[in-house]
Amino acid sequence: MKQRTSSDPTSRSFGRLLPAFVATLVVVLMAGEALAAWTSLRPQNSRRQKVEVEGKVRSYYELDASHAAEFELNGPAEIKIYSRVPYERRVKGKRYSFTYTVDGENAKTLRHSIARSRTARLQGEGAKLSVSRDDVIKIGPGTHRVRIELGEGAAETVYLRMRKQYVNPIPRGQNIDIVPHIHKGIRNVVVHESSVPYYALRTGEDIKVNVIGPTFMKVIARLDWNTTMSGRQRYMIKAFEDGKLKNTYVLESQRSDVAEYDEKRDSVPGKGDVFYIEVPEGRHEYTLQFKDSGREVNMRCLIPRSSLKNSE
């Protein structure tokens with residue numbers, strides 16, 4: 001069965017880009033490098049400590065027997081963890097550890113040896129710290145809860161600094177829109193003079209789309225932003241695969257300063273939030289649900305152009 005698609009307007013804009021930028025982008029894509037940035041990650045209910053490193057102040061979060069680090073994260077993503085411990089001569093060469101779980105399962109322990117840092121210390125107290133060790137945790141598609149706890153070893157306190165990077169499994173500029181076969185209406189969203197169709201998802205309604213895998217489906221969500229809303233707004237989208245719950249995505253929206261509706265004037269689209277659905281081999285129906293009284297969200301679904309061969 002052929003997948004119903006429409007061309008991606010973003011791909012048409014490449015011809016208007018500066019030649020130098022196009023050349024740079026082509027080199028990056030050919031090298032297979034991810035076009036994503038590392039950003040700070042702050043765990044919930046954690047005690048923050050200021051650490052001075054070579055005169056620069058950075059935020060670390062304290063991990064001990066009474067305090068774990070917990071946070072939710074949409075995948076696919078990577079988490080980079082930098083860790084330090086208080087340094088004394090008696091712990092030199094010994095090891096410390098911490099353990100992490102994803103959704104409460106498959107606990108893994110990370111261990112590191114302790115060595116003195118000549119530049120790192122707690123701000124104010126002046127307590128010396130060890131050199132930084134770093135680890136990378138990979139998170140799969142969907143919204144996941146990560147918990148980090150102190151492990152066995154020479155240190156009773158570990159200081160963690162965490163950064164996140166979303167992994168884009170679909171190369172930008174090489175994807176196409178896939179049209180839902182069940183939806184309640186189209187809203188054209190205009191960004192920088194380019195109009196793109198989104199599909200309105202109201203409370204209690206569904207959007208259904210057929211996809212033939214294996215592939216990834218990229219979903220862009222824009223919360224409908226009205227005059228009663230301010231700051232950041234959290235909301236959830238549930239994705240069902242062939243009628244069974246596959247993932248729940250926890251998203252956070254802000255008012256967009258550049259997006260507007262083509263015709264609707266009583267509200268504006270929020271900034272785009274992105275999540276990915278991993279599609280196994282074969283034909284599958286995906287149902288997107290939004291159950292949040294009084295609010296609406298606009299949805300756009302895309303797949304890699306190369307995935308069209310799955311329907312042949």
Side-chain angles (χ1 to χ4, degrees), residues 36-88 91 94-115 117 119-140 142-167 231-236 248-254 273 275:
W38 291 96
T39 58
S40 296
L41 178 60
R42 180 173 184 174
Q44 303 165 2
N45 303 320
S46 291
R47 297 195 298 185
R48 182 166 60 174
Q49 294 283 0
K50 295 292 187 179
V51 173
E52 292 184 12
V53 183
E54 296 182 349
K56 297 181 179 179
V57 179
R58 303 188 185 279
S59 292
Y60 279 69
Y61 298 90
E62 192 170 320
L63 189 70
D64 58 27
S66 302
H67 297 88
E70 288 190 88
F71 48 87
E72 285 185 338
L73 185 69
N74 285 325
E78 294 180 340
I79 305 167
K80 185 174 288 187
I81 303 175
Y82 304 89
S83 59
R84 300 177 186 271
V85 299
Y87 180 83
E88 299 177 10
V91 300
K94 295 184 178 181
R95 296 166 72 85
Y96 67 93
S97 70
F98 52 91
T99 299
Y100 74 90
T101 57
V102 179
D103 300 326
E105 300 177 347
N106 301 323
K108 295 183 180 180
T109 299
L110 303 173
R111 297 180 176 85
H112 296 291
S113 61
I114 302 173
S117 170
T119 60
R121 61 183 64 241
L122 292 180
Q123 187 181 44
E125 299 178 17
K128 297 178 182 179
L129 298 177
S130 69
V131 296
S132 175
R133 307 297 188 185
D134 59 87
D135 301 278
V136 174
I137 298 174
K138 295 184 178 181
I139 304 297
T143 297
H144 301 280
R145 188 165 192 84
V146 180
R147 180 180 174 88
I148 305 175
E149 298 178 311
L150 181 69
E152 297 181 351
E156 297 181 353
T157 302
V158 177
Y159 299 105
L160 303 179
R161 176 171 175 252
M162 288 162 285
R163 295 169 68 78
K164 62 184 178 183
Q165 175 181 255
Y166 294 111
V167 178
R232 294 177 180 270
Q233 299 280 329
R234 285 170 63 88
Y235 63 102
M236 292 193 306
T248 298
Y249 299 88
V250 181
L251 307 173
E252 188 174 76
S253 182
Q254 292 178 272
D273 301 301
F275 61 90

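- Residues Leu122 and Val51 form a side-chain contact, since some pair of their non-hydrogen atoms from C-beta on lies under 4.5 Å apart.
- Between His112 and Phe98, the ring planes lie tilted relative to each other; the angle falls in the 30° to 60° range.
- A distance of 7.0 Å separates CZ of Arg111 from CZ of Arg95, quoted to the nearest 0.5 Å.
- Between Asp273 and Tyr235, the side chains place a donor N or O and an acceptor N or O closer than 3.5 Å (distance only, hydrogens not considered).
- The OH atom of Tyr100 sits 4.5 Å away from atom NZ of Lys108, with the distance rounded to the nearest 0.5 Å.
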Decide yes or no on side-chain contact (heavy atoms from CB on, under 4.5 Å) for Glu152 and Thr109, but give the supporting numbers first.
CA-CA 9 Å; Glu152 297 181 351; Thr109 299; over 6 Å; no
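- Qualifying salt bridge (charged side-chain N to carboxylate O under 4.0 Å, His left out) partners for Arg58, counting only residues two or more places apart in sequence or in other chains: none.
- One distance of note links CD of Glu62 with NE2 of His67; it measures 7.0 Å at 0.5 Å rounding.
- Taking every heavy atom of both residues into account, Asn74 and Val250 meet most closely at ND2-O, 2.8 Å.
- Contact between Trp38 and Ile79 at its shortest, heavy atoms only, is CZ3-C, 4.3 Å.
- Using modelled atom types, one finds a donor on one side chain and an acceptor on the other under 3.5 Å when comparing Ser59 with Lys50.
- Here the straight-line distance linking atom CZ of Arg48 with atom OH of Tyr159 works out to 14.5 Å at 0.5 Å rounding.
- The shortest distance between side-chain heavy atoms of Lys138 and Val167 does not fall below 4.5 Å.
- Residues Gln44 and Phe71 approach most closely at NE2-CA, 4.2 Å, considering heavy atoms.
- Proximity of a side-chain donor or acceptor of Thr99 to a complementary backbone N or O of Glu149 within less than 3.5 Å is not detected.
- Ala69 approaches Leu63 most closely through the heavy-atom pair N-CD1, 3.7 Å.
- Counting only distance, with no hydrogens or angles, the side chain of Ser130 and the backbone of Ile114 share no donor-acceptor pair below 3.5 Å.
- Put simply, OG1 on Thr39 and NZ on Lys164 are 4.5 Å apart, with the number rounded to the nearest 0.5 Å.
- Ile81 has its side chain within reach of Met162: a pair of non-hydrogen atoms, C-beta onward, lies under 4.5 Å apart.
- Residues satisfying the salt bridge (charged side-chain N to carboxylate O under 4.0 Å, His left out) test with Arg145, not counting sequence neighbours, are Glu70, Glu72.
- For the residue pair Ser83 / Tyr96, a side-chain donor-acceptor distance below 3.5 Å is found, with atom types taken as modelled.
- Atoms CD and CD, from Gln254 and Gln233 in turn, are 10.5 Å apart once rounded to the nearest 0.5 Å.
- Surrounding CD of Glu54 are at most 12 heavy atoms belonging to other residues, nucleotides or ligands under 6.0 Å away.
- Here the closest non-hydrogen pair linking Ala155 and Val85 is CB-CG1, 3.7 Å.
- Contact annotation: the side chain of Arg133 never approaches that of Tyr82 to less than 4.5 Å [non-hydrogen atoms, C-beta and beyond].
- Counting heavy atoms from C-beta outward, Tyr87 and Val131 have side chains that stay 4.5 Å or more apart.
- Nearest heavy atoms, Pro43 versus Leu41: CD-O, 3.6 Å.
- Legend: residues meeting side chain to side chain contact (heavy atoms under 4.5 Å, CB included) with Ala120, ordered by chain and number and at least two apart, are Val53, Arg84, Ser117, Leu129.
- Remark: the backbone N or O of Thr248 is paired with a side-chain donor or acceptor of Thr143 at under 3.5 angstrom.
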